[in-house]
Structure formats: structure tokens, C-alpha cells
Amino acid sequence: MAFGASSVTPRSVAVGTLLEEHHPFFIPRYQRSYAWDTQVAAFTDDVSDLVNADPQEASHFLGGIVCIEETDHSQSRPHKYEIVDGQQRMATVVLALAEIEYAANGIAKSATQEDNITAAASAEILASDTRDRFLFWRNSIVSEGRKETLPRLILSDADNQFFRDLINGSDPKPERESHQLLAAARAQIRAALIKPALEKVSRQEAITHLDRLRTAIVSQCHVIQIVSADRERAYQLFSVLNDRGRSLEDADLLRSYTLEVVQGFPEPQEKIAKLWDEILKVPAKEVSDFFRAYYPSTTGARATLPLFKKLREEYFPLSSATTIEEANTILERVKAFRDEQRIFAQIQEGSWPYPAHFEAGKVPAVTEWQKDRLKRLVISLKHELAMPLLLAAANVADEKKFFSLVQMLEVFAFRYKNVCGGHATAPGNAYYAAAKKIRELSSEGKPTNWDSLRLALRSLIEKVAPDDQFRNSLENRLRYDFGAAQRANICELLTTIEDHAAWLAKGGAGIPKPNMVKVIDLGQVTLEHIYPQNPSPADVNEELSKVRDRIGNLTFFGPGENSKAGNKSFSVKRQGCYSESTVGMTQKLAQLPDWNIAAYNIRRDELLDDACKVFKI
């Protein structure tokens with residue numbers, strides 16, 4: 001892509017010169033918030049190397065700064081510079097210079113108390129010179145006959161006040177991820193760059209080190225500054241640079257795009273900016289996870305790359321809003337993002353995505369047991385594939401219908417994916433189609449149902465996880481010694497069978513009917529080896545040793561129930577532990593006269609039979 005010399009002016013410039021000559025710099029509200037993490041340590045390492053090198057020979061290239069020059073001749077300083085790309089490095093540099101000023105002021109105060117006049121004067125000059133040349137500038141307002149002190153760098157609305165507090169030396173409380181990263185950046189700068197200076201033997205040596213540090217930053221660190229008076233050209237260059245490996249998050253790009261689209265409508269633009277601030281408060285990965293779920297949840301299709309392009313084309317086809325109605329349509333879409341992101345966050349952590357209602361004399365719509373199935377599906381079974389469908393359902397279905405979906409998905413995920421290893425493509429397509437369909441039904445005022453989805457999932461189970469395959473996989477894949485993931489699956493199997501104990505005792509015919517009164521918290525469950533993992537020499541049984549970690553030899557205890565079990569023999573545990581357990585299947589073991597391979601085989605077959613009855617759609 002070519003850029004005309006008339007609209008783009010690149011130059012290599014020292015950071016100090018850039019801050020002195022080309023200010024004020026500001027970050028538009030639609031740019032992403034501060035996002036440097038490990039990059040700060042790389043920055044402090046590079047600066048430390050410069051401090052210890054010959055200032056006449058050593059230099060460091062920080063990267064590019066792309067700016068749009070805005071001109072207003074009514075101001076005392078007519079030019080200001082919107083940073084399109086480079087805010088991370090500029091903010092980090094300014095933080096480092098602010099820390100030098102803060103440290104120098106601290107030395108000046110201490111030196112004054114010690115009557116070290118020379119050191120105090122040197123430190124005061126270093127502090128004031130750093131503040132006046134690189135951090136703040138004086139704006140003269142002739143018509144009002146006054147001057148004001150303004151920052152040379154202004155961050156976006158979400159970060160600016162927090163950033164100002166940091167560079168003024170205070171300790172503000174972080175309210176979002178970018179604030180935490182800014183605070184962490186300052187802490188890294190203090191530890192890696194400022195602390196070595198403050199550890200010097202004398203005040204004068206400390207000042208000399210801080211001055212050398214400042215030189216390394218302002219004189220030896222260089223950037224390529226590209227200034228354009230043409231906004232479109234600047235964004236073209238920004239896009240090219242990011243396509244070459246320094247990409248923003250999709251949501252950041254989407255924020256930028258939406259605010260540009262409504263550029264001519266200040267009121268909706270302001271509201272959209274605040275909504276994006278709320279959306280982007282959470283960690284970047286969580287925002288990305290949301291949009292990767294939201295897209296198939298509304299379109300019925302998988303979110304392929306580049307995601308930003310897909311999101312823009314689907315939700316914001318206009319390149320520019322020409323009416324207030326069009327601007328408000330964009331506002332409503334971003335508001336929908338914000339609202340559904342909140343629901344997504346609840347689902348993602350396994351929390352029930354409906355407000356709690358307590359009405360005297362009324363039975364709640366769902367029980368705590370029913371709510372817990374969502375946590376099992378999302379957290380224990382890790383069935384992320386269903387997130388788009390769950391998001392759609394939580395927006396259009398009532399609690400009872402939402403639970404019926406969760407219960408069906410829990411059974412399917414465990415049987416098809418976790419136990420039998422079914423591929424994700426087919427159920428994913430079914431989930432996405434169902435998500436889109438129920439949204440369409442809701443918009444038409446029609447009731448939600450899972451009938452078509454249920455038939456599709458049953459068909460997949462018949463192909464991939466029929467009873468014989470399910471039984472075989474349960475026995476051979478669900479082994480205690482196969483790691484944490486399989487132990488979680490074992491807990492799901494045993495506790496779900498326990499939940500259905502009364503129904504199974506009556507024959508287990510028809511639709512599975514669990515006992516929904518008692519919630520078995522998987523975090524409090526302890527798996528128990530009936531034939532112990534480490535038996536005493538007198539209790540070793542070669543046949544049972546071969547099946548020690550298989551499901552037929554496993555049961556579970558509730559909270560605090562296994563403290564007396566350990567590696568004791570079955571005859572000891574039978575009356576001392578199993579008979580006192582609150583877990584029905586464990587208590588039932590106390591009725592056995594002995595634990596041998598014959599008893600193992602009977603129990604294994606019972607568990608496999610029960611699993612086929614319980615995990616059924």
C-alpha cells in the first residue's frame with residue numbers, strides 16, 4: 001500500500017525530543033486500554049542495558065508511533081496528536097519518567113532534612129526538569145489571563161484518571177484489567193529501574209544514576225514517528241502494521257470501528273463508548289471468548305478468522321451512520337453485546353444466569369440441584385462447545401426450559417464426548433443451528449423447545465456412543481490412574497448414579513428421575529479405592545491389583561468421610577467407614593461379606609448397567 005508524502009511524514013526521533021516537540025498526545029476513546037504485560041519487563045531490561053552502556057554508542061529502537069495531527073489555530077498550541085498506534089510504549093515511557101521525577105523528589109526531601117544542600121538542589125532540578133520537559137506543559141489562555149498545567153500524554157477515558165494518579169505518585173485502586181496492568185507496569189519500573197538508583201551509597205550517586213537513567217530513556221530510546229493529517233491514511237497504515245503481527249484484540253478493533261461509524265452523532269457515540277468501557281473491563285481473553293460464542297449464537301455458524309471482519313460484516317454493515325436512527329441501531333447492538341456478555345460471564349463460571357426470586361408461599365422455579373447441573377456441564381465436564389447455545393437459551397428461555405437443556409447437554413457431553421471421544425463438529429453444528437433457531441422463535445413470539453436438538457443428539461449417540469461402546473469406554477477409559485480429567489469424569493459418573501439411586505432401585509425404566517433434594521458438591525467429593533491403592537503385604541490380592549484403578553473398584557465419600565479409610569483392608573473399612581457413610585452406594589458396600597474379584601465384577605456390571613440407564617437422552 002502506498003502512502004503519499006503529502007499526508008504521511010515518517011521520521012526517526014528520540015523519545016525525549018518527541019515528548020518535548022510534539023505534544024500534547026492523546027489516545028482517542030475508541031482505542032483499546034493499556035495492555036502491556038510481559039513487554040514491560042522487556043522494556044526495563046533494554047533500558048537497564050542502555051544505562052550500563054556508553055551513551056554515545058548505545059541506542060534502542062522502541063518501535064513506531066502513528067499519529068493523526070489535528071490543528072486548531074484558536075489554541076495557544078495549535079497542534080495536537082492523536083495516537084493511532086503506539087500508546088502502549090508511550091504510556092510506559094511516561095510512567096518511567098514519572099517514576100524518575102517521583103524518586104528525585106523523594107531524594108530532595110530527604111537531602112533537605114539532612115542539610116545536604118547540594119544533593120537537594122540537584123534532585124529538585126532533576127525532578128522539575130523532568131516534569132516540565134517530558135510530563136506536563138503550560139497552556140496559556142490569553143483571553144482569561146491565566147495559565148494551566150496539562151499532561152503531555154492523555155490516555156483513553158477508561159484509563160486516563162488512573163494513569164494521571166500514577167504519574168502523580170499516588171496509589172489509586174484498580175477498577176479494570178488495564179488499571180491492574182498499569183499498576184503492575186509501574187511496579188516493574190520501580191523494581192528494575194528506580195530501586196538500583198535508590199540503593200546507591202550516597203544521595204549524589206543516586207541522583208547521578210537517576211539522571212543517567214533519564215538520558216537512557218529520552219536520548220537513547222528512539223521511535224519511528226509517522227504523522228498524518230489524513231485520518232483515512234493513518235488508519236490504512238495502522239491496519240498494515242497490525243496485519244504484520246502486532247494485532248489488536250478483535251473487540252478493540254470493533255470498538256474503534258463502531259465509534260468511527262457514528263462519528264457525526266456525539267450523543268450515541270458517547271453512550272457507545274461507555275458501553276465498550278464496560279465490555280472491555282474484563283480480561284482480554286474473556287472478551288474474546290464472549291465474541292467467539294456470541295457470533296455462532298446469533299448466526300448459527302462457527303466464528304472463523306478473521307473474527308473482527310466477521311463481526312463487523314454481521315453486526316455493523318454500515319461504513320458510516322448518516323441518520324440518528326442508524327446511529328441508535330449501532331448503539332442498541334453494542335448494548336446487546338454488553339448485556340449478553342454479563343450473562344456469558346455467569347454461564348462461563350457455572351453460575352445460574354437468572355436472578356434469584358424469593359416470594360413467600362411460592363416454590364422456586366428450579367432447585368439448587370438443578371442449578372448445579374450447569375456448573376457440572378461447564379466446569380467439571382468442560383463442555384465449552386455448548387456456550388453459544390447456552391447463551392442463546394439464557395436470553396430467550398425460562399428457567400425450567402433452560403434447565404432441561406442443561407440436563408440434556410450434561411448427559412450428551414459426558415457420554416458422547418468425555419467417555420466415547422466423539423468429534424465436536426457434528427454436535428457443534430447442531431448447537432449453533434439450535435441457538436439461531438430459538439432466537440428466531442423468540443423474536444417471532446413463538447415458544448422455545450429442544451425437540452429437534454434432542455433428536456439430533458440421540459442420533460449422534462446411536463452412531464458414536466451406543467450402549468456397548470459406552471460400557472466399553474467407561475471400563476477402559478475412566479481409570480483413576482489416567483489423570484485429573486478422568487477422575488473428574490469418574491466423579492460425574494458415580495455421583496450422578498447416586499442421584500438416581502431411588503429410581504434405579506425401582507428398575508430404572510423410562511425417563512431418568514433423579515433425586516433433586518441433595519446437591520453433591522464435586523469439590524467436596526473424595527474418590528475411594530475399595531481395594532486400597534497401597535495395601536499391606538498381608539492384604540495384597542493379585543486379581544484385584546489388576547483392576548485397582550477401574551470404576552468397579554471405586555466409590556466416593558462426602559465431605560470429611562474418608563479420614564479413617566486410607567489404605568486399610570476392606571474388612572476394616574466395611575464397618576468402620578462404609579457403614580457410616582452418607583453416600584448410598586458407599587454405605588451399600590458394608591453389606592458385602594468380602595471384596596474379591598467376583599464381587600468386583602458384579603459391582604462393575606451394575607455400574608455399567610446403571611450408567612446406560614441414567615445417561616440417556
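Just so it is clear, the model here is predicted, and its values are computed rather than measured. In what follows, every heavy atom counts, from backbone to side chain, and hydrogens, waters and symmetry copies are set aside.
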Is the backbone of D468 close enough, under 3.5 Å, to the side chain of N472 for a donor and an acceptor to pair up by distance?
no
Between L589 and R603, is the side chain to side chain contact (heavy atoms under 4.5 Å, CB included) condition met? List the steps.
CA-CA 10 Å; L589 292 168; R603 185 172 187 273; 3.7 Å; yes
Decide yes or no for I617 and R454: does some side-chain heavy atom of the first lie under 4.5 Å from some side-chain heavy atom of the second?
yes
Check this for me: K271, atom NZ, are more than 12 non-hydrogen atoms of other residues, nucleotides or ligands nearer than 6.0 Å?
no
Between R292 and M387, is any pair of side-chain heavy atoms under 4.5 Å apart?
no
Shortest non-hydrogen separation from D549 to L554 and the atoms involved:
O-CD1, 3.8 Å
Side chain of E177, backbone of A284: donor and acceptor closer than 3.5 Å?
yes
I'd like to know if the side chain of W595 pairs up with that of N541 as donor and acceptor (distance under 3.5 Å, no hydrogens or angles considered).
no
How far does CG of L389 sit from CG of L405, to the nearest 0.5 angstrom?
5.0 Å
If you draw a 6.0 Å radius around CD in Q575, do more than 12 non-hydrogen atoms from other residues or ligands fall strictly inside?
yes
Partners meeting side-chain hydrogen bond (donor to acceptor under 3.5 Å, both in side chains) with S452 (sequence neighbours left out)
none
Apply side chain to side chain contact (heavy atoms under 4.5 Å, CB included) to the pair L254 and F308, showing each step before the final yes or no.
CA-CA 7 Å; L254 202 60; F308 164 66; 3.9 Å; yes
Between R471 and C612, is there a side-chain heavy-atom distance shorter than 4.5 Å?
yes
Partners of D289 by side-chain hydrogen bond (donor to acceptor under 3.5 Å, both in side chains), sequence neighbours excluded?
K285, Q348
Test item: Y431 side-chain N/O and A426 main-chain N/O as donor-acceptor pair under 3.5 Å:
no
Output the distance between atom OG (S256) and atom CH2 (W276), rounded to the nearest 0.5 Å.
10.5 Å
My understanding is that only residues two or more places apart in sequence, or in another chain, count here; which of them pass side-chain hydrogen bond (donor to acceptor under 3.5 Å, both in side chains) with N489?
N418, Q486
Look up atom CZ in R415 and atom CG in L474, then write down how far apart they are to the nearest 0.5 Å.
8.5 Å
Looking only at heavy atoms, what is the nearest atom pair of E528 and Y578, with distance?
OE2-OH, 2.7 Å
NZ/NE/NH1/NH2 to OD/OE distance under 4.0 Å, K518 and D499
no
Taking atom NZ of K616 as the centre, does the number of heavy atoms from other residues, nucleotides or ligands within less than 6.0 Å exceed 12?
yes
Flag for E399-W352: side-chain donor and acceptor within less than 3.5 Å:
yes
Answer yes when D467 and K613 have at least one side-chain N-carboxylate O distance shorter than 4.0 Å, and no when they do not.
no
Less than 4.5 Å apart, any side-chain heavy atom of V366 and any of Y354?
no
Please enumerate all residues that pass salt bridge (charged side-chain N to carboxylate O under 4.0 Å, His left out) together with R479, with sequence neighbours excluded.
D481
Within the 4.5 Å heavy-atom criterion, are E332 and T329 side-chain neighbours or not?
no
Which atom names give the shortest non-hydrogen contact between S178 and R176, and what distance separates them?
OG-NE, 3.0 Å
Shortest non-hydrogen contact from P535 toward R548:
CD-NH1, 4.3 Å
Check: E561 side chain, T582 main-chain N or O, donor-acceptor pair, under 3.5 Å:
yes
Is there a salt bridge (Lys or Arg N to Asp or Glu O under 4.0 Å) between E492 and K417 once you walk through the steps?
CA-CA 13 Å; E492 171 71 14; K417 179 65 172 67; over 6 Å; no
A394 to I343 - nearest heavy-atom pair and separation:
CB-CG2, 3.7 Å
In short, P532 meets K568 closest at the heavy-atom pair CG-O, 3.7 Å
Are more than 12 heavy atoms from other residues, nucleotides or ligands located less than 6.0 Å from atom CD of E286?
yes
Check whether NZ of the Lys or CZ of the Arg R312 lies under 6.0 Å from the centre of the six-membered ring of Y257 and within 45 degrees of that ring's axis.
yes
Run the ring-ring contact (aromatic ring centres under 6.0 Å, His included) test on Y294 and F344 for me, step by step, so that the C-alpha distance in whole Å, both residues' side-chain angles and the decisive distance to 0.1 Å come before the verdict.
CA-CA 9 Å; Y294 184 82; F344 176 82; 9.7 Å; no
So, T258 versus R333: side-chain donor-acceptor pair below 3.5 Å or not?
no
Please determine, by modelled atom types, if S545 and Y531 share a side-chain donor-acceptor pair under 3.5 angstrom.
yes
With no hydrogens and no angle check, do the side chains of N476 and R550 hold a donor and an acceptor under 3.5 Å apart?
yes
Got a sec, which residues hit side-chain hydrogen bond (donor to acceptor under 3.5 Å, both in side chains) with W503, two or more places apart in sequence or on another chain?
none
Run the salt-bridge test on K436 and E314 with the 4.0 Å N-O cut-off and return the result as yes or no.
no
First locate atom CG of L522, then atom OG1 of T496, and finally report the distance between them rounded to the nearest 0.5 Å.
8.0 Å
Partner of T555 under side chain to side chain contact (heavy atoms under 4.5 Å, CB included), chosen from I530, T526, L527:
I530
F403 CZ to D398 CG distance, which is reported to the nearest 0.5 Å
12.5 Å
So do Q39 and D37 actually touch side chain to side chain, heavy atoms under 4.5 Å?
yes
Check the pair Y432 / Y295 against side chain to side chain contact (heavy atoms under 4.5 Å, CB included), numbers first and verdict last.
CA-CA 9 Å; Y432 302 160; Y295 182 86; over 6 Å; no
Going by heavy atoms in the side chains, are V525 and V583 under 4.5 Å from each other?
no
Are side-chain heavy atoms of N553 and H529 found at a separation under 4.5 Å?
yes
Any donor and acceptor pair, going by atom type alone, linking the side chain of D159 with main-chain N or O of Y34 inside 3.5 Å?
yes
If I take atom CG from residue N429 and atom CG from residue L460, how far apart are they, to the nearest 0.5 angstrom?
10.0 Å
Between E278 and R342, does any side-chain N to carboxylate O distance fall below 4.0 Å?
yes
Using the test salt bridge (charged side-chain N to carboxylate O under 4.0 Å, His left out), find all partners of D171 that sit at least two apart in sequence or belong to another chain.
R186
For residues F337 and Y315, establish whether the separation of their ring centroids is below 6.0 Å.
yes
Any donor-acceptor pair under 3.5 Å linking the side chain of R338 with the backbone of I279?
no
Looking at N449 and D451, would you say the former's side chain and the latter's main chain have a donor-acceptor pair under 3.5 Å?
yes
Is E543 reaching over with its side chain to a backbone N or O of N596, donor-acceptor style, under 3.5 angstrom?
no
Would you say Q88's side chain and W36's backbone share a donor-acceptor pair under 3.5 angstrom?
yes
